Protein chains: 2
Amino acid sequence: MGGTVTSSVTQLDDQEGQDGPSGGALYRQVAADLREAITTGAYGEAGRLPAEGALAERYGVSRGTVRQALAVLRADGLVTSRRGTRRVVLGNARVQSFSELLSFTHWARALGEEPGGRLESLVRRPADAAEREQLRLEPGAEVYVTLRLRTLSGTAVMVERTVYPPHVGVLVAKLPPDVVSHTEHLREHGILFTDADHTIDVVAANAEDAKLLGCRRGAPLLRERRRTTDPTGRPVEWSQDRYLPGTVSFSVHNSMVTSALSRHARTSDD
Amino acid sequence: MGGTVTSSVTQLDDQEGQDGPSGGALYRQVAADLREAITTGAYGEAGRLPAEGALAERYGVSRGTVRQALAVLRADGLVTSRRGTRRVVLGNARVQSFSELLSFTHWARALGEEPGGRLESLVRRPADAAEREQLRLEPGAEVYVTLRLRTLSGTAVMVERTVYPPHVGVLVAKLPPDVVSHTEHLREHGILFTDADHTIDVVAANAEDAKLLGCRRGAPLLRERRRTTDPTGRPVEWSQDRYLPGTVSFSVHNSMVTSALSRHARTSDD
DNA sequence: GGGGCCAAGTTGGCCAGCCAACTTTGTCCG
DNA sequence: CGGACAAAGTTGGCTGGCCAACTTGGCCCC
């Protein structure tokens, strides 16, 4: 069983996406190529991947680089990995890029839907205790709070309440109210999003939610709270998104080796 | 900035947990020690970690091993990581072990609550198309389906419907109905859980849910669907858990380098 | 005082090699 | 025919080294 798989890569080069740091890294190119091969079914449903050494030779890189690439796929849940056997294809789960997950606009476009957004309000006010905690601000600091209704091809699906720290908020405040993607605009102004913590649960719609989304007060909404930080670890956003049921779901993969998911009992916060 | 941090590890040894493979690996011990130091605040709120080289010297390992350890912490969202600067402490987020996330019993005990479970029904029947797809079974295969009501210190919080493939189901069927943790019991019989895919959304309670959980029919429930596989990649469980609102929430960390989370638009599945 | 420049420090990435642990396969023997 | 054993194949883990890319801080000059 040698090289029957039509390897589309002999020398790796070109193509630098806007997503992910140092997309020019060898191991990322190898990972991308293998991901492509796996999702198109080149190795079968539960097939076995070539050995690390074989891949190293095929791509003309060291075994260490191949291992780095395979670690990416393993973390994404595409392949298994255990000592003694070749890696096995787990699934062809489509994993989204980070920006696609953070930006409603990116996500909608990747889905083929037309994202829309209407800015309902934008206020500047002193941060409360919870906000100072989340955004790591000193007492007395001010925050910028936006309220936006998000639509997918015209229909309302989500209410988004975002709290920005001052250095980000001033940029948001200067935006014209019809800008669809705040995230994209902030990136162009040097605000980078690299890490995010998400918490997902269910809440009842309050009066404001109900009016905007067109549902009853008290109707259940899928809530995602998200705190995003920049490369230096400084919080740049604290957002609370409330989705109408049936519009979205969240998927996570985790394994023994990488587990970023956890389950929490409700406490009396918020 | 020398060695002011009281390093509790000069030679790394002893202590093998039941969780995680090869816990004796050096990089895991280093990671565990650093995690401990970070969560106890030894490096401050947004403090900087020692350089890789310094850590390598402190622990008596190579820089590569330290990098492996730090990759774990970075994936857990504990520290940032970018070229040119020392790593910065992101947060002290408590990340659960894998088994704690898969097993309701494990999770409850770690919380200090008393887990309970009542087996409502256990049936063996031919798998439908969706089940064959999820569990990767051939047409005509049978599955074992359990329905369990889960309690936390006496109060009902969740309804669990689990579908097992034959080779796992036979073990479950032999269990006495009062066994609290199926997961633990299965592990003792050689069924290992290593990878899981989770999907989280909201559904309305059906008549059965309502009766068991003591809520209205149509009341919103937080649903987690989970497919678990063993080390070889073979599905061993397909479960659907429905939580009463306000009892639990799910947390995920993701970053530019590791993103296992994704958001999906509802389709007409299920 | 401010801005630009340079050097030191730090992480990202890649390579080559070695051994241990484990799985799988096939052989041999009872 | 079945089980024990041996050998080959494969991944996990660790080391040591090298260079590039990037950040930070200090210095110098205007």
Side-chain angles (χ1 to χ4, degrees), chain A residues 1-2 11-13 16 20-32 34 47-75 79-88 190 192 194 230-234 255-258, chain B residues 1-2 12 16 20-32 34 47-75 79-88 190 192 194 230-234 255-258:
Chain A
M1 60 216 68
Q11 74 271 8
L12 301 160
D13 50 19
E16 165 82 21
S22 65
L26 273 180
Y27 79 92
R28 286 182 183 277
Q29 299 177 42
V30 172
L34 286 173
R48 290 161 72 190
L49 253 56
E52 294 174 355
L55 291 173
E57 194 174 1
R58 179 199 300 181
Y59 290 109
V61 299
S62 79
R63 193 188 145 210
T65 300
V66 168
R67 286 174 63 80
Q68 224 171 333
L70 290 169
V72 175
L73 303 184
R74 177 187 56 182
V79 296
T80 65
S81 201
R82 62 190 180 121
R83 183 144 46 181
T85 349
R86 297 236 185 114
R87 286 174 176 80
V88 173
L192 297 178
T194 56
D230 68 9
T232 71
R234 191 157 63 145
S255 70
M256 215 104 188
V257 289
T258 59
Chain B
M1 65 221 50
L12 300 160
E16 165 82 21
S22 66
L26 274 178
Y27 79 91
R28 286 182 184 277
Q29 298 178 41
V30 173
L34 287 173
R48 289 162 71 190
L49 252 54
E52 294 174 356
L55 290 173
E57 194 172 1
R58 180 200 298 181
Y59 290 110
V61 299
S62 79
R63 195 189 145 210
T65 300
V66 169
R67 285 174 63 79
Q68 223 169 333
L70 290 170
V72 175
L73 302 183
R74 176 187 58 183
V79 296
T80 65
S81 200
R82 61 189 181 123
R83 184 146 45 182
T85 341
R86 296 234 187 116
R87 285 175 176 80
V88 174
L192 298 177
T194 55
D230 68 10
T232 70
R234 191 156 64 147
S255 71
M256 215 105 188
V257 288
T258 58

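Here is the naming used below: chain letters follow the sequence lines, and residue numbers restart at 1 for every chain. Because the structure is a prediction, the values reported are computed rather than measured.
Scored by the side-chain hydrogen bond (donor to acceptor under 3.5 Å, both in side chains) test, Gln68(B) finds no partners at all (sequence neighbours excluded). Residues that satisfy the side-chain contact (heavy atoms from CB on, under 4.5 Å) test with Thr232(B), not counting sequence neighbours, are Arg82(A), Asp230(B), Arg234(B). The salt bridge (charged side-chain N to carboxylate O under 4.0 Å, His left out) test applied to Arg74(B) returns no partner, not counting sequence neighbours. With sequence neighbours excluded, no residue satisfies side-chain hydrogen bond (donor to acceptor under 3.5 Å, both in side chains) with Thr80(B).
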Are there any protein N/O atoms within less than 3.5 Å of an N/O atom in nucleotides 14-17 of chain D, and if so, which ones and at what distance?
from, atom 1, to, atom 2, distance (Å)
dC14(D), OP1, Leu26(B), N, 2.3
dC14(D), OP2, Tyr27(B), N, 3.4
dT15(D), OP2, Ser62(B), N, 2.8
dT15(D), OP2, Ser62(B), OG, 2.9
dT15(D), OP2, Thr65(B), OG1, 2.5

Show me the protein contacts with nucleotides 4-10 of chain D, counting only N or O atoms at under 3.5 Å.
from, atom 1, to, atom 2, distance (Å)
dG9(D), N2, Gly84(A), O, 3.2
dT10(D), OP1, Arg86(A), NE, 3.0
dT10(D), OP1, Arg86(A), NH2, 2.3

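Going from atom CG of Leu192(B) over to atom P of dT23(C) covers 10 Å, rounded to whole Å. As a whole-Å value, the separation of Arg82(B) CZ from dT11(C) C1' is 11 Å.
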Residues Leu34(B), Leu55(B); criterion side chain to side chain contact (heavy atoms under 4.5 Å, CB included); working and verdict: CA-CA 10 Å; Leu34(B) 287 173; Leu55(B) 290 173; 4.1 Å; yes
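What you find for Glu52(B) and Val66(B) is that their closest heavy atoms are O-CG1, 4.0 Å. Nearest approach of Gly24(A) to Gln29(A), heavy atoms of both residues: O-NE2, 2.8 Å. Contact detail for Pro50(A) and Arg86(A): the closest heavy-atom pair is C-CD, 3.8 Å.
Where Ser81(B) and Thr232(B) each meet DNA chain C at their nearest nucleotide, the meeting point lying more 5' is that of Ser81(B).
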